[in-house]
Amino acid sequence: MHRLTLAQIARGLAAKEFSSVELSEALLARIAELDPGLNSFITVTAEQALEQARAADARRAAGESGALLGAPIAHKDLFCTKGVRTSCASKILDDFIAPYDATVVERLAAAGCVSLGKLNMDEFAMGSASESSHYGPVRNPWNTECVPGGSSGGSAAAVAARLVPAATGSDTGGSIRQPAALTNLTGLKPTYGRVSRWGMIAYASSLDQGGPLARSAEDCALLLSAMAGFDPKDSTCVDQPVDDYLAALHRPLAGLRIGLPREYFGAGLDPRLSDAVMACVEELKKLGATVKEIGLPSMQHAIPAYYVIAPAEASSNLSRFDGVRFGYRCENPQSLEDLYKRSRGEGFGAEVKRRIMVGTYALSAGYYDAYYLKAQKIRRLIRSDFIGAFQEVDLILGPTTPNPAWKLGEKGDDPVAAYLEDIYTITANLAGIPGLSMPAGFVDGLPVGVQLLAPYFQESRLLNVAHQYQQATDWHQRAPEGY
Amino acid sequence: MQWETVIGLEIHAQLATRSKIFSGSATAFGAEPNTQASLIDLGMPGTLPVLNEETVRMAVRFGLAIEAEIGHTNVFARKNYFYPDLPKGYQTSQMDKPIVGKGHLDITLEDGTLKRIGITRAHLEEDAGKSLHEDFHGMTGIDLNRAGTPLLEIVSEPDIRSAKEAVAYVKAIHALVRYLGICDGNMAEGSLRCDCNVSVRPRGQEAFGTRAEIKNVNSFRFIEKAINHEIQRQIELIEDGGKVIQETRLYDPNKDETRSMRGKEEANDYRYFPCPDLLPVVLEDGFVERLRETLPELPNQKRERFQSQYGLSAYDASVLSASREMAEYFEAVFEVCGDAKLAANWVMGELSSLLNKEGLEIERSPVSAEQLGGLIRRIQDNTISGKIAKMVFEALAADEGASADAIIERKGLKQVTDTGAIESMLDEMLAANAAQVEQYRAADEAKRAKMFGFFVGQAMKASKGKANPGQVNELLKKKLEG
Amino acid sequence: MALERSDVEKIAHLARLGLDDAEIPRTTQTLNDILGLIDRMQAVDTHGIEPLAHPLEATQRLRPDEVTETDHRDAYQAIAPAVENGLYLVPKVIE
């Protein structure tokens, strides 16, 4: 039963082949058996899950239907879940029982989803390996010596290992797309403002966006249909109708204009990944797409700009963790300053502290113009590149990552090397456009992801292209050995 | 050396909205601690702000009232610092692009002349919570009910030259925000708070001296005292060869002195940057124009009208227009009696001292405008004298009758104007004071003038104040001259 | 321009992060590496370019002035480290 996709589950539940309770129990048993080797869950909420499953079965028995009614999922542990610990994988929130539900959690629950628990991640979503968690690193089911990517590494590992058919994630610089690429999943970062950020604990507010990770584009479409939409509680959430993502899946690709940015295929890209990406392009051509080379010249400046803007926002967003109203408080604070410094010093991990300090510095008197303002100007250049490119093409395609998954601990000591891995994904966050990563082959038994980028609010186009590709290929159906 | 004082004020006015600036929590004063602190006000992880539209309307109305440039695109920024009453570790405020830009306000000085005070800007921001320092086993208690209450911070130019001017300016702002209905002006509850930037310089010098900021001075009286104390301190310091340092000081009303907050105050670096959770606020022209149409007649417009329409002095007009309620009261009295001068004298005189004594606001005056107007009418038509009128006023205040007429009737206070009756009363009085009459008649002109008052007094006493004073004067003179 | 130990201490203080003395040299080194990466930005010509704060360049939506919240103090304070009489407690603040 664990091999079923969300779409298959929907059909099975509708046909009464199994109940949500049966399915949930099976998956909970699988989590208990296999997750100790992966560490993808921080909290498993078996009791609440079965309660939700029973409620979903009752709703169905009462005549209700719905593609997600009774479907098991799990949430990245930065979405607030009322009454359930929401830790952001940080010691500072180890005892934080969220007093409310995130909008994403609420919407999926309303659609009938059963949440099996909370998924591991990089602390406060800062990282691309899921190694910085207070609860220990997450392992990649394709090779448990390797990282699953990050920051939504728990989401990726759990879905790839068939512990849960789909999961929520968040993407600030690639945190959905990169782990999806490294674990053979489809992951979508929607347009900034498409999914409400209410209740999604902020890393960098102007870049963060929640989205789905699943084993197919169709499943991403199912989940996104429930997640997306206007929320009056988030000022940056857009009041615009949500497309029919499922209907869009079936559009033929004839006439689709794909742009290949030359900057994505330069030095730094593993040639084996390059080959996999080009093979994907060939496949899309067969499906009717045309391809041309394009330029995104400002992309080369994206990493420095991103590593100013994201830490600057983070330094401010994370000030609320002060040991006063919730979260970790140091033992016996001697003074107010002692309370702050020890609670935060002991509560945050090394990478979080580093980024807070970089951001604090970038905003401080005398440096604001040279760092923050400069980065915001580069941000506009990057956005202009995309707007220009989308005059010529419908979609931009390239690798999601420069390399396949690496070994645990390999880059732990060198943050700059780790930052450089984000090169292909962060531009979409800076510009706010939607991006999707889909499976496109393997290198040394490790998955390779292809990234698709589209103009604002064209999630349906991304899902359409990925779905058509997945109709013609079976990369996405491959499961890691033992899972 | 002759010193000149330079003062600039930052006034924080709590906006009189029902809910907070970024959350749906109530803003009511005096609730149990932390019962009006929502997830957003507490800075819970994952929460986000949404701007209250009423705060925008109120700020724009204020901007229009001070003839300011309106920030058609205004931006919220975060001011980052750690303090336990600041739940998010930053205050959401406005920095580079405030909602209200340069404007001005005219204040009336004591001699009745007008002075224009420049207003640099006014911006929207959220209030912080309160730290309660009473002892909780050596701990401080934090109440976040006030956190997120909307504030309009009004920053003046350094155009103010004395403590009295500062008070006049704060009073003018106070009147204005109350006219506009955007702030209740209750200084005791902290609805209007004032930070004073004070410096001194030798008269004639162009450059400003180093300023000290006196934080949170919360009454008109304390503003005057705190500033005067600070001026004195700075002058003495400089004359003794010392130097004023730029710092924040606290005014202690009990000791009537300011003291440094140094030690606590460190070199702050607020790391302002645009708040990524809020988007730029864009005001359409139509929105601003519609608000302009809703502006009431403002204090200065009212003052001018009172001068031109009623012929009041600049001073009277400014006192009467200082609050909307007082202006309305005055005009209601005038409606009834038709004599602006008398109405003004009574409102500013008897009525104000009564309210002062009772500690009442004019809205809760025990004597209504209708009653006061009725009373004045009886002075005008000679039914009672001014002196009796004061008695009637007191009786009205003590609720001894529904109207001046009722009291005059019941107490028999109607003025005696019958010449015969007054003459016989005077004859009696003069007979009783025969010796003084002798003296008067023997005295010279200057002495006579003095003594005349004595006879008038005796006559009014004999008539229990009811005799018409004009007639008494006239008849008495005739009789004494004999 | 490289950060020195004193700069790092100042930044850590502004951010209210307690650092162990022993950590500071490594932190200084790492921060300098990161700033080295960031400083590549300075080579970009951004003359005449407006800063971009929000990707969509949308405008702020306004909320009606209505009280929509009720008192949940007990629930919210159940997760607080120290409360008494409805107040959050912190070490004594000296004014």
Side-chain angles (χ1 to χ4, degrees), chain A residues 95-97 99 192-193 206 232 235-236 238-239 298 301 303-305 307-308 315 322-327 329 333-342 344-346 348 353-354 356-358 360-362 364 370-371 373-381 383 415-416 419 430-433 456, chain C residues 1 3 7-8 10-20 23 26-28 30-31 33-64 72 75-83 88-94:
Chain A
D95 66 353
F96 179 66
I97 309 296
Y192 183 79
S206 78
S235 295
T236 62
V238 177
D239 190 358
S298 297
H301 313 303
I303 287 183
Y307 279 98
V308 169
S315 71
D322 59 3
V324 177
R325 298 162 315 285
F326 46 77
R329 176 180 217 157
Q334 297 303 301
S335 65
L336 189 61
E337 189 170 313
D338 186 41
L339 166 72
Y340 287 147
K341 288 190 172 172
R342 279 202 291 130
R344 292 166 58 77
E346 295 164 14
F348 290 134
K353 280 191 266 195
R354 265 200 289 275
I356 291 176
M357 290 180 73
V358 169
T360 301
Y361 181 65
S364 65
Y371 287 117
L373 227 46
K374 183 87 182 176
Q376 298 279 41
K377 290 176 182 174
I378 292 174
R379 188 173 189 178
R380 185 175 295 276
L381 292 176
R383 179 172 176 266
V416 169
Y419 295 176
L430 289 167
I433 58 170
Y456 293 112
Chain C
M1 193 201 65
L3 297 180
D7 300 317
V8 172
K10 197 185 139 217
I11 297 165
H13 173 70
L14 265 180
R16 297 297 186 276
L17 288 172
L19 294 184
D20 283 342
E23 283 179 66
R26 240 189 69 74
T27 304
T28 307
T30 317
L31 290 181
D33 291 348
I34 296 169
L35 291 176
L37 172 75
I38 290 171
D39 272 328
R40 295 186 196 165
M41 223 171 43
Q42 304 308 337
V44 187
D45 180 10
T46 52
H47 189 77
I49 307 292
E50 276 292 300
L52 178 71
H54 289 93
L56 297 180
E57 293 197 285
T59 61
Q60 180 61 36
R61 199 173 52 244
L62 302 177
R63 188 191 96 237
H72 295 290
Y76 297 164
Q77 292 196 337
I79 53 171
V83 287
Y88 294 96
L89 295 190
V90 296
K92 196 144 196 75
V93 178
I94 306 129

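Side-chain atoms are counted along with the backbone in the values below, which use heavy atoms only and exclude waters and symmetry mates. Note on naming: letters A, B, ... go to the chains in the order of the sequence lines (proteins, then strands), and numbering restarts at 1 for each one.
- Residue C:A75 does not touch chain A at all, counting heavy-atom pairs closer than 4.5 Å.
- With hydrogens and angles disregarded, a donor-acceptor distance shorter than 3.5 Å links the side chain of A:K374 to the backbone of C:V44.
- Of all non-hydrogen atoms in C:P55 and A:R379, the two that sit nearest each other are CD-NH2, 3.3 Å.
- With a 4.5 Å cut-off on non-hydrogen atoms, C:E23 touches chain A through its side chain but not through its backbone.
- For the salt bridge (Lys or Arg N to Asp or Glu O under 4.0 Å) test, residues two or more places apart in sequence or in another chain that qualify with A:R383 are C:E57.
- In terms of heavy-atom proximity, A:R329 sits nearest to C:P91 at NH2-CD, 3.9 Å.
- Here CE of A:M357 is found 11.5 Å from NZ of C:K10. Values are rounded to the nearest 0.5 Å.
- For C:I38 against A:P304, the heavy-atom pair with the smallest separation is O-CB, 3.5 Å.
- From C:I11, atom CD1 reaches atom OG1 of A:T360 across 7.5 Å, with rounding to the nearest 0.5 Å.
- Considering all non-hydrogen atoms of both residues, A:L336 and C:V90 come closest at CD1-CB, 4.1 Å.
- Here the OH atom belonging to A:Y361 is positioned 6.0 Å from the CG atom belonging to C:L35, to the nearest 0.5 angstrom.
- Only the side chain of A:Y456 comes within contact range of chain C, with at least one heavy atom under 4.5 Å from a heavy atom of that chain.
- Distance check, rounded to the nearest 0.5 Å: CG of A:D338 to CZ of C:R16 gives 12.0 Å.
- The closest side-chain heavy-atom distance from C:Q77 to A:F326 is not below 4.5 Å.
- Heavy atoms closer than 4.5 Å to chain A are found in both the backbone and the side chain of C:A15.
- Closest non-hydrogen pair, C:A53 versus A:S206, comes out as O-CB, 3.7 Å.
- In this structure, CG on C:D45 lies 8.5 Å from CG on A:L381, to the nearest 0.5 angstrom.
- For chain C, no part of A:S315 is nearby; none of its heavy atoms comes within less than 4.5 Å.
- Contact of C:L17 with chain A is made through backbone and side chain together, with heavy-atom distances under 4.5 Å.
- With A:R325 contributing its side chain and C:A80 its backbone, the two residues share no donor-acceptor pair below 3.5 Å.
- When each of C:A43, C:G36, C:G18 is scored by its heavy-atom pairs under 4.5 Å with chain A, the top score falls to C:G18.
- Interface residue A:L339: only side-chain heavy atoms are found under 4.5 Å from chain C.
- Under the salt bridge (Lys or Arg N to Asp or Glu O under 4.0 Å) criterion, A:K341 pairs with A:E337, sequence neighbours left out.
- Atoms NZ and CD1, from A:K377 and C:I49 in turn, are 8.5 Å apart once rounded to the nearest 0.5 Å.
- Here the shortest heavy-atom pairing between A:V324 and C:P81 reads O-CD, 3.4 Å.
- Looking at A:I433, neither its backbone nor its side chain comes within 4.5 Å of chain C, counting heavy atoms on both sides.
- For C:Q60, the part sitting under 4.5 Å from any heavy atom of chain A is the side chain, from C-beta outward, and nothing else.
- Panel note: side chain C:R40, backbone A:I303; no donor-acceptor pair is recorded below 3.5 Å.
- The most heavy-atom pairs under 4.5 Å with chain C, out of A:R342, A:R354, A:E346, A:R344, come from A:R344.
- In this structure, the portions of C:I34 lying under 4.5 Å from any heavy atom of chain A include both its backbone and its side chain.
- In this structure the side chain of A:P415 reaches within 4.5 angstrom of the side chain of C:T30, judged on heavy atoms.
- For chain A, the nearby parts of C:T46 are the backbone and the side chain; heavy atoms of each come within less than 4.5 Å.
- Interface residue A:P333: backbone and side-chain heavy atoms are both found under 4.5 Å from chain C.
- If you measure heavy-atom distances from A:A375 to chain C, the contacts under 4.5 Å come from both the backbone and the side chain.
- Interface remark: C:L89 contributes backbone atoms only to the contact with chain A (heavy atom separation under 4.5 Å).
- In this structure, chain A has no heavy atom under 4.5 Å from any part of C:V83.
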